[in-house]
Number of protein chains: 2
Amino acid sequence: MTTATDPVVLVVEDEPQMRRFLRASLTSHGFRLVEAGTAKEALALATSGSPEVILLDLGLPDGDGIALTRSLREWSSVPIIVLSARGRESDKVEALDAGSDDYLTKPFGVNELLARMRAALRRASQPSGAPVIEIGALRIDLARREVTLGERELHLTPNEYRILALLARNPGKVLTHRQILKEVWGPTHVGETHYLRVYMAQLRRKIEADPARPELLITEPSVGYRMRDRG
Amino acid sequence: MTTATDPVVLVVEDEPQMRRFLRASLTSHGFRLVEAGTAKEALALATSGSPEVILLDLGLPDGDGIALTRSLREWSSVPIIVLSARGRESDKVEALDAGSDDYLTKPFGVNELLARMRAALRRASQPSGAPVIEIGALRIDLARREVTLGERELHLTPNEYRILALLARNPGKVLTHRQILKEVWGPTHVGETHYLRVYMAQLRRKIEADPARPELLITEPSVGYRMRDRG
DNA sequence: GCGCGATTTGACGCCGTCTTGAGGCGGAAG
DNA sequence: CTTCCGCCTCAAGACGGCGTCAAATCGCGC
């Protein structure tokens, strides 16, 4: 059973038997499959299918996998794991130096393949994309810890920033006083609702056009606060 | 023959014979070697030796390599290639899932090892991008370990350089005290925030026009520091 | 063993942030 | 109308993080 968040794997392989085997193994372990039987197909699908990892058989009907690896590497850094019947050391060296990330000699165990795929995915996802939240003119760059309102860069104190980031990460959702206090001041301060009032006032003075009529930081009386996400 | 720009490889292996073999093979192919015979040594050298890749034998006298892999992964993303006599699939899966990048079963060919090391290094160096970083008049040559300000070449102590390089590799991004301490002093010193204050002051005295009004090394109060990249 | 640079540790004052309290407003309930 | 409760505002003082300087210690090369 696959879901929308499962990683996509591009399988480049021409033997029907091997394809069936991979299809069965991978879909049952949380991957979505895109399949190509030729180098040409593979190149097209590497663009349109936007796979997170590629499994590549070296023996293809229309040209060898080494050349395919090189063309992929001209523009993409998606992990490539070569699956090949050729076990000679020189084959491995050639494939790896062409730009592939790993090399498995057939026959191989499914579990090893899956583990190597996990390793490749782990590496690739490391420089995780810059999380940036935008709400109207307000822009919060979580990686840089930077808040801008239109063109102007805002200076927020540590607590102000943590509250704002927390609310912005849950746009539209009401966060209770307790939740916010626990997250920002720690579980020992969940009773100090007064802190919140002071800080919400400071934040509003900094980010609202008219702090008396808040449009972004909405009070939910006797419940908590909420970041308006639209309209 | 090795030069200053050759990549450093940390070899973690207790058998003298295997060590001799690796030493001969690697130094003749453009690597500088740092060697450890125990897990404890390895952990220390992974910090102080700042290797670009680690070769790890699983059978160590003081604990297994899987545990070592996990502790390394708590703070470092340096590529780890496991070399092991154990060829069982479950061994490979365990090692890969613990955080290693590749797994080679002994005996293996030197050329395959070298190709896999090249592949690992290629991947690792990808995100860091250019080996030279320029920010205003400041210029940091990571390959040569050289820092110039305008025309003048600056002399930085080892720790000063590591801090500066770390911040410069993440321009604009806030690095927490913990992150910097972990990267420079190792995971056992994440509490020593005082070190940072002293070293930031020294760096500012060397690279800022007016150390009292820093324009490059920005303090993010009670969070960490950040290298200004624009403006 | 000596000398030098680098690192670690300690002391201190400044400044921004946080905490705290007092007071005001407005709506709902009595 | 009065009272109560939750919320907002303002400001003053306490607190803690930060920068700075300097002394003590470490560690390496000679």
Side-chain angles (χ1 to χ4, degrees), chain A residues 145 147 154-165 167 174-178 180-186 188-226, chain B residues 34 44-45 47-50 145 147 154-167 174-178 180-186 188-226:
Chain A
R145 200 190 171 283
V147 180
L154 296 185
H155 170 69
L156 297 189
T157 71
N159 282 349
E160 289 169 1
Y161 177 80
R162 294 170 80 179
I163 295 173
L164 185 66
L167 287 166
V174 178
L175 299 183
T176 65
H177 300 136
R178 289 184 67 87
I180 303 174
L181 286 163
K182 191 171 163 192
E183 199 67 36
V184 177
W185 277 270
T188 56
H189 292 69
V190 288
E192 321 265 3
T193 52
H194 189 60
Y195 288 5
L196 273 187
R197 301 211 183 89
V198 173
Y199 275 89
M200 291 308 292
Q202 288 174 359
L203 276 173
R204 282 173 177 154
R205 217 176 312 142
K206 290 186 180 182
I207 73 173
E208 295 279 3
D210 179 358
R213 297 166 189 282
E215 306 210 320
L216 292 167
L217 298 171
I218 312 296
T219 301
E220 298 286 347
S222 40
V223 180
Y225 293 90
R226 170 169 71 88
Chain B
V34 173
L45 284 172
T47 311
S48 61
S50 52
R145 199 198 168 284
V147 180
L154 296 184
H155 169 70
L156 297 188
T157 70
N159 282 348
E160 288 170 2
Y161 176 78
R162 293 171 84 178
I163 295 173
L164 186 66
L166 177 62
L167 287 166
V174 177
L175 300 183
T176 64
H177 300 134
R178 290 184 67 86
I180 303 175
L181 288 163
K182 214 190 233 175
E183 201 67 38
V184 176
W185 278 268
T188 56
H189 292 69
V190 289
E192 320 267 2
T193 52
H194 191 62
Y195 288 5
L196 275 185
R197 293 201 198 96
V198 173
Y199 275 89
M200 291 307 293
Q202 289 173 358
L203 276 172
R204 282 175 177 151
R205 218 174 309 141
K206 290 185 180 183
I207 73 174
E208 296 279 4
D210 179 359
R213 298 166 188 281
E215 306 213 319
L216 293 167
L217 298 172
I218 311 296
T219 301
E220 297 286 347
S222 66
V223 179
Y225 294 90
R226 166 168 77 88

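Quick note on labels: first sequence line is chain A, next is B, and so on, each numbered from 1.
For the OP1/OP2 pair of dG17(D) and a distance below 4.0 Å, the side-chain nitrogens and oxygens of Thr219(B) include no atom meeting the criterion. Using a 4.0 Å cut-off, no side-chain N or O of Arg197(A) falls inside it from OP1 or OP2 of dG6(D). Contact check, Thr157(B) against dT7(C): a side-chain N or O comes under 4.0 Å of OP1 or OP2. Not one side-chain nitrogen or oxygen of Trp185(A) sits closer than 4.0 Å to the OP1 or OP2 atom of dC18(C).
Summarising the local packing, CZ of Arg178(A) is surrounded by 12 or fewer heavy atoms from other residues, nucleotides or ligands at distances under 6.0 Å. Other residues, nucleotides and ligands contribute at most 12 non-hydrogen atoms within 6.0 Å of the CD atom of Glu215(B).
Computed from coordinates, the Ile218(B) CD1 to dG19(D) P distance equals 11 Å when rounded to whole Å. With rounding to whole Å, Glu192(A) atom CD is found 15 Å from dC7(D) atom P. Distance Lys206(A) NZ to dG16(C) P: 12 Å, rounded to the nearest Å. We find that CZ of Arg213(A) is positioned 14 Å from C1' of dC8(D), with the value rounded to whole Å. Per the geometry, CD belonging to Glu220(B) stands 13 Å off C1' belonging to dC18(D), to the nearest Å. Put simply, CD on Glu160(B) is 7 Å from P on dT7(C), counting in whole angstrom units. Between the CG atom of Leu196(B) and the P atom of dC18(D) there is a distance of 9 Å, rounded to whole Å. Taking atom OH of Tyr195(B) as the reference point, atom C1' of dT8(C) lies 5 Å away to the nearest angstrom.
Tyr225(B) comes within 4.0 angstrom of sugar-phosphate atoms only, judged by non-hydrogen atoms across all strands, and of no base. No engagement by His189(B) is indicated, since no non-hydrogen atom pair under 4.0 Å with the nucleic acid exists. Residue contacts for His155(A): at a heavy-atom cut-off of 4.0 Å it reaches the sugar-phosphate backbone alone, with no base atom in range.
When each of Pro221(B) and Gln202(B) is assigned the nucleotide of DNA chain C with its nearest heavy atom, Gln202(B) is the one assigned upstream, toward the 5' end. When each of Val223(B) and Arg205(B) is assigned the nucleotide of DNA chain D bearing its nearest heavy atom, the one mapping closer to the 5' terminus is Val223(B).
The shortest non-hydrogen separation linking Lys206(B) to Thr157(B) is NZ-N, 4.4 Å. The shortest heavy-atom contact between Gln202(A) and Glu160(A) is OE1-OE2, 3.0 Å. The heavy-atom pair separating Leu217(A) from Glu208(A) by the smallest distance is N-OE2, 2.9 Å.
Distances were taken from every side-chain heavy atom of Val198(A) (C-beta onward) to each of dG10(C), dC18(D), dT20(C); the shortest belongs to dT20(C). Listed nucleotides dC18(C), dA6(C), dG6(D) differ in distance to Tyr199(A); the shortest reach to its side chain belongs to dC18(C). Closest to the side chain of His194(B), out of dT9(D), dT20(D), dC18(D), is dT20(D).
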